[in-house]
Amino acid sequence: ININSFPFQGNSRSSSVSSVFLSFLSVFSCWSLPPNAHPHTLSAANVTLDPDTAYRFLVLSEDLKRVTRGTTRQDLPDNPERFSHNSCVLGRERFTSGRHCWEVEVGEATVWYLGVCRENVRRKWEISESPTDGFWAVKKDYDGYYALTSPRVPLPLTTSPSRVVVYLDYEAGDVSFYSGTDGSHIYTFPRAAFSGTLRPFFRLYYTNQCLTICPVPAPAQETPVNPPGLGPASATGEGDPLPGADAPLLPQPKPGPGVPPAP
């Protein structure tokens, strides 16, 4: 990869952006458009956390980029947007179209959830994270990783990622996850027919553990890409596939052998 040609290079904050994330953004520009298709853009979303949705034990950083599971219940208004019984928070960004990705540092957290959800998911009492309930998310549970389908799918990761890239293609109905550590594919949900608003989703379990949204160079920019067909193939989609489960996210002359199907 020629990082010097990447449009985000040179910003003072770029050192906080992993080379794998830059590779992820670059790989999509290597695919060519099919006949009579229209160019799309892949937006490196500058995601921030929404305090109005945060569970009362979650502590948000001043820049709204980090969430920590605290030990003290905060005196916060019980507004309709707030999760009342689950240690969750949503991103402020609302997606109704387009292709977006963001990177999250999970560090040494032993239990976490990451993904996207519908705007109108249940916020009060206990929730269930599955596509049926409006959540497309993966979970780390100690040494295990799972796609939160119903039933959940174990993910055979060979290495534990310290960063995770979340990828959303709204029109194609794709939600995918990649390791920000080595670029390997983690999971792609079966295609969904999205309608309404989607938002980034975060959940922690244990106290003093945190998730940090990695910055994109300011100002946030959109990088033109050439999507294959209607977008990258999901577990059940058609068209040109994403790189394979064991392939790093490096630019190739053409897409790799395909994403393994979900059960």
Side-chain angles (χ1 to χ4, degrees), residues 45-96 100-142 144-153 155 161 163-168 175-177 186-187 189 192 194 196-214:
N46 191 14
V47 172
T48 55
L49 301 168
D50 184 352
D52 291 338
T53 67
Y55 181 58
R56 287 186 173 89
F57 282 85
L58 293 179
V59 179
L60 308 186
S61 62
E62 185 176 354
D63 64 358
L64 302 177
K65 287 288 190 177
R66 178 182 290 111
V67 55
T68 304
R69 179 63 156 84
T71 58
T72 304
R73 185 181 188 272
Q74 302 173 87
D75 185 15
L76 299 172
D78 186 22
N79 49 288
E81 299 85 2
R82 191 176 310 284
F83 287 91
S84 65
H85 284 69
N86 298 94
S87 191
C88 305
V89 62
L90 301 184
R92 279 178 162 174
E93 286 61 39
R94 292 165 168 84
F95 304 119
T96 57
H100 311 274
C101 62
W102 54 97
E103 186 178 33
V104 180
E105 184 174 348
V106 298
E108 300 300 320
T110 52
V111 179
W112 50 255
Y113 303 63
L114 289 175
V116 300
C117 69
R118 296 190 189 276
E119 174 81 84
N120 61 353
V121 293
R122 182 175 180 174
R123 313 284 180 93
K124 306 304 179 183
W125 302 102
E126 294 296 326
I127 63 173
S128 174
E129 294 99 340
S130 73
T132 302
D133 299 298
F135 293 88
W136 291 262
V138 295
K139 174 186 180 180
K140 179 184 180 182
D141 193 349
Y142 293 95
Y145 293 84
Y146 303 90
L148 296 180
T149 56
S150 183
R152 67 183 188 177
V153 176
L155 303 175
R163 294 186 177 197
V164 174
V165 177
V166 184
Y167 171 83
L168 166 67
V175 178
S176 296
F177 300 86
I186 295 174
Y187 186 75
F189 277 88
F194 293 137
T197 301
L198 299 179
R199 299 179 66 176
F201 169 72
F202 309 83
R203 182 177 178 180
L204 286 166
Y205 193 80
Y206 288 114
T207 57
N208 300 319
Q209 297 191 353
C210 67
L211 298 171
T212 303
I213 303 166
C214 302

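Computed over heavy atoms, backbone and side chain alike; hydrogens, waters and symmetry mates excluded.
Residue R66 places its CZ atom among 12 or fewer non-hydrogen atoms of other residues, nucleotides or ligands, all under 6.0 Å distant. Surrounding OH of Y146 are more than 12 heavy atoms belonging to other residues, nucleotides or ligands, all under 6.0 Å away.
In this structure the side chain of D50 never reaches within 4.5 angstrom of the side chain of E81, judged on heavy atoms. Between K65 and T48 there is a side-chain heavy-atom pair separated by less than 4.5 Å. Side chains of Q209 and T110 form a contact here, defined as non-hydrogen atoms less than 4.5 Å apart. Looking at H100 and V47, their side chains never come closer than 4.5 Å, going by heavy atoms from C-beta outward. In this structure, the side chains of V59 and V67 stay at 4.5 Å or more apart for every pair of heavy atoms. Taking 4.5 Å as the limit, some side-chain heavy atom of R69 sits within range of a side-chain heavy atom of T207. Counting heavy atoms from C-beta outward, R199 and V116 have side chains that stay 4.5 Å or more apart. Two residues are said to be in side-chain contact when any heavy atoms from C-beta on lie closer than 4.5 Å; F201 and L90 meet this criterion.
Under a 3.5 Å cut-off, the side chain of R163 and the backbone N or O of V104 do not form any donor-acceptor pair.
Rounding to the nearest 0.5 Å gives a distance of 12.0 Å between OG of S87 and OH of Y206. We find the NZ-CG distance between K140 and L114 to be 11.5 Å, quoted to the nearest 0.5 Å. The CG atom of L58 lies 11.5 Å from the CZ atom of F202; values are rounded to the nearest 0.5 Å. For the atom pair CG of N86 and OH of Y113, the computed distance is 8.0 Å after rounding to the nearest 0.5 Å. One finds the CD atom of E93 at 7.5 Å from the CD1 atom of I213 (value rounded to the nearest 0.5 Å). The structure places CG of N46 at 11.5 Å from SG of C214, a figure rounded to the nearest 0.5 Å.
Between E119 and R123 there is a salt bridge, since a side-chain N of the basic residue sits under 4.0 Å from a carboxylate O of the acidic one. Using a cut-off of 4.0 Å between Lys/Arg side-chain N and Asp/Glu carboxylate O, E129 and R203 are scored as salt-bridged.
The distance between the ring centers of F95 and W102 falls below 6.0 angstrom.
When all heavy atoms of D141 and V111 are compared, the closest pair comes out as OD1-CG2, 3.8 Å.
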